[in-house]
Amino acid sequence: MSPKLPVLLRDRLGRLLESLRLSVTDRCNLRCLYCMPEEDYVWLPRQELLSFEELVRLVDIFTGQGVTHLRLTGGEPLLRQNLDRLVGMLAQNSRIADLALTTNGVLFADKAEPLKRAGLGRVTISLDTLRPERFRQMTRRDEHQRVLSAFDAARRAGFTGTKLDAVIMRGENDDELTDLIEFGRSNGVEVRFIEYMDVLGATKWSMSKVVARDEMLQRLEERYGKIRPVAETSSAPASRFLLPDGTVFGIIASTTSPFCRTCDRSRITADGMWYRCLYATNGTDLRKLLRGGTANASASREAADAEIANVIAEGWRGREDRGAEERAGRNDRGALIAIEELRRDPHLEMHTRGG
Ligand code: GTP
Ligand code: 5AD
Ligand code: SF4
């Protein structure tokens with residue numbers, strides 16, 4: 001029997017459901033200033049995390065609803081034991097055209113080969129600074145060397161299309177734009193600068209610490225000369241640019257120039273909450289449905305999956321979120337969520353949402 005063709009689901013603004021970000025743990029081994037600004041955290045209870053079998057089952061249901069791009073995130077996804085086994089299980093799903101991982105790189109060097117063998121397609125490594133002292137200041141951990149080694153490990157393991165993501169904060173690392181471009185060039189990876197976003201857990205955010213895309217471009221032009229945009233239409237969050245020598249880099253301008261209009265992504269937390277926007281405060285509890293909380297509790301696995309598929313389809317059809325655009329329209333912009341609220345619901349944290 002041939003598998004049923006996946007449906008094409010569109011939300012209220014006509015956006016397709018194509019990309020899913022799957023957080024496999026909320027734990028992290030760094031404490032980046034822009035993501036985890038506090039000392040103490042309320043973590044998701046371990047027994048509530050989805051098992052590999054549950055994660056694979058959910059992904060199968062989502063790919064049946066049109067998802068073709070899957071990205072594993074965290075916290076730091078490599079803190080989840082045996083991640084390569086999960087990758088191997090997910091790689092069996094032929095509907096996934098793009099299986100990617102976002103990592104902070106600390107544990108990547110030893111895992112690069114097993115992940116590649118298991119079927120991981122692509123990796124994006126976060127690195128905000130090339131200076132060890134500054135790395136310690138920005139992440140509150142002493143792991144710079146290990147992160148640097150991740151890029152070489154990715155290449156040796158045979159990964160192509162590797163990206164380096166750097167969040168740029170005024171007064172922290174905004175003097176390193178050209179150094180990061182040079183590092184990317186010599187390591188054969190595409191650098192993407194990310195505007196500091198006023199997302200959920202960024203409790204210390206302020207507009208004065210944001211370096212906008214236009215300012216980044218202006219500073220890079222001073223050094224390299226005329227920069228040209230790469231002509232493309234895609235739902236990727238980064239706009240891409242060309243330096244005069246042909247080097248390509250990207251800028252993710254979610255703060256000053258959001259990409260909500262083409263946003264095809266949604267995200268699942270490690271305990272199975274489904275959010276249809278990075279900024280959304282309400283999600284759908286898919287774990288409850290997976291563990292027998294469907295309307296018909298004694299339903300067969302097939303019937304339960306069909307019911308979950310239905311919940312997803314309805315949820316997506318009703319989606320109107322454009323969180324970043326709404327934030328951009330406000331002139332009283334400050335931290336989005338108060339710390340007390342984050343303590344009450346860890347799902348609102350960026351490290352739980354998966355970046
Ligand atoms: P590719 O373009 O497929 O390589 O992936 P990606 O850019 O989605 O992956 P990545 O995890 O590297 O995301 C890059 C950054 O974009 C994140 O770290 C966030 O800062 C930002 N970002 C990711 N998802 C969203 C989103 O849903 N909304 C907004 N506004 N920003 C996002
Ligand atoms: N602004 C922009 N990007 C952020 N990330 C986390 N917090 C923020 C923020 N406040 C992104 C970083 C990191 C990824 C996992 O999440 O790009 O690399
Ligand atoms: Fe998509 Fe929401 Fe991010 Fe806009 S803010 S790009 S709608 S996830």
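Model, not experiment: these values are computed from the prediction. All values below come from the heavy atoms of this structure, side chains included, with hydrogens, waters and symmetry mates left out. Every number for a ligand or one of its atoms is a count from 1 in the order of the listing.
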**Request:** Verify, without hydrogens or angle tests, whether E190 (side chain) and G161 (backbone) share a donor-acceptor contact under 3.5 angstrom.
**Result:** no
**Request:** Compute the shortest N/O to N/O distance between T102 and ligand 2 and return yes if it is under 3.5 Å, no if not.
**Result:** no
**Item:** Sub-4.0 Å atoms of ligand 1 with respect to non-hydrogen atoms of I194
**Value:** 15 (C), 18 (O), 20 (O)
**Request:** For ligand 2, find out whether one of its N or O atoms is nearer than 3.5 Å to an N or O atom of S126.
**Result:** yes
**Prompt:** Quick one: does C35's side chain get under 4.5 Å of M350's, heavy atoms only?
**Reply:** yes
**Message:** When you measure from the heavy atoms of R21 to every atom of ligand 1, does any distance fall below 4.0 Å?
**Reply:** yes
**Request:** Walk me through it: do R322 and Y279 pass the test side chain to side chain contact (heavy atoms under 4.5 Å, CB included)?
**Result:** CA-CA 8 Å; R322 354 175 254 107; Y279 286 80; over 6 Å; no
**Check: Y279 N/O within less than 3.5 Å of ligand 1 N/O** = no
**Message:** Would M197 count as being in polar contact with ligand 2, using the rule that some N or O on each side must be under 3.5 angstrom apart?
**Reply:** yes
**Prompt:** Are D175 and R131 within salt-bridge range, i.e. N to O under 4.0 Å?
**Reply:** yes
**Request:** Could you list which atoms of ligand 2 come closer than 4.0 Å to a heavy atom of M350?
**Result:** 4 (C), 5 (N), 6 (C), 7 (N), 8 (C)
**Message:** I'd like the name of whichever of R265, R267, E195 reaches closest to atom 8 (O) of ligand 1 through any heavy atom.
**Reply:** R265
**Message:** Heavy-atom count check: over 12 atoms from other residues, nucleotides or ligands less than 6.0 Å from Q145 CD?
**Reply:** no
**Message:** Does the plane of the ring in F108 sit parallel, tilted or perpendicular to the ring in F159? Use 30° and 60° as the thresholds.
**Reply:** tilted
**Message:** Please report the interatomic distance CG(D26) to CD(E76), rounded to the nearest 0.5 Å.
**Reply:** 12.5 Å
**Request:** Report, in ascending order of atom number, the atoms of ligand 1 lying under 4.0 Å from any heavy atom of K163.
**Result:** 1 (P), 2 (O), 4 (O)
**Fill in**
To atom 6 (P) of ligand 1, the nearest of H69, R240, R192 on a heavy-atom basis is R192
**Item:** Over all atoms of both residues, closest heavy-atom pair of V167 and D128
**Value:** N-OD1, 2.9 Å
**Test item: R192 side-chain N/O and T124 main-chain N/O as donor-acceptor pair under 3.5 Å** = no
**Asked** Where the closest heavy atom to atom 3 (N) of ligand 2 is concerned, which of L33, N104, I252, V167 has it?
**Response** V167
**Prompt:** Can you list the atoms of ligand 1 that are under 4.0 Å from a heavy atom of M197?
**Reply:** 20 (O), 29 (C), 30 (N), 31 (N)
**Fill in**
In ligand 1, the atoms that come under 4.0 Å of a heavy atom of R122 are 1 (P), 3 (O), 4 (O)
**Message:** I want to confirm something. Looking only at heavy atoms, which of I194, D165, T73, T124 is nearest to atom 17 (O) of ligand 2?
**Reply:** I194
**Request:** For ring-ring contact (aromatic ring centres under 6.0 Å, His included), just list the numbers for F183 and F151, CA-CA rounded to whole Å, side-chain angles, deciding distance to a tenth of an Å, and then say yes or no.
**Result:** CA-CA 10 Å; F183 178 86; F151 293 92; 5.3 Å; yes
**Prompt:** Looking at F259, which atoms of ligand 1 are within less than 4.0 Å of one of its heavy atoms?
**Reply:** 25 (C), 26 (C), 28 (N), 29 (C), 30 (N), 31 (N), 32 (C)
**Contact with ligand 2 for H351, non-hydrogen, under 4.0 angstrom** = no
**Asked** Looking only at non-hydrogen atoms, which of A253, S254, C260, P258 approaches atom 30 (N) of ligand 1 most closely?
**Response** S254
**Request:** Kindly identify the option in T124, V167, I252 whose heavy atom sits closest to atom 16 (O) of ligand 1.
**Result:** I252
**Asked** Which atoms of ligand 2 are found less than 4.0 Å from any heavy atom of V199?
**Response** 9 (C), 10 (N)
**Fill in**
The closest protein heavy-atom partner of atom 8 (C) of ligand 2 is Y34 CD1, 3.5 Å
**Request:** Spell out, as yes or no, whether a donor-acceptor pair under 3.5 Å connects the side chain of S254 to the backbone of P258.
**Result:** no
**Prompt:** Relative to the ring of Y196, is the ring of W205 parallel (under 30°), tilted (30 to 60°) or perpendicular (over 60°)?
**Reply:** tilted
**Prompt:** Can you tell me the protein heavy atom closest to atom 16 (O) of ligand 2 and the distance?
**Reply:** G355 CA, 3.6 Å
**Prompt:** Do R155 and D152 sit within salt-bridge range, that is, some charged N less than 4.0 Å from a carboxylate O?
**Reply:** yes
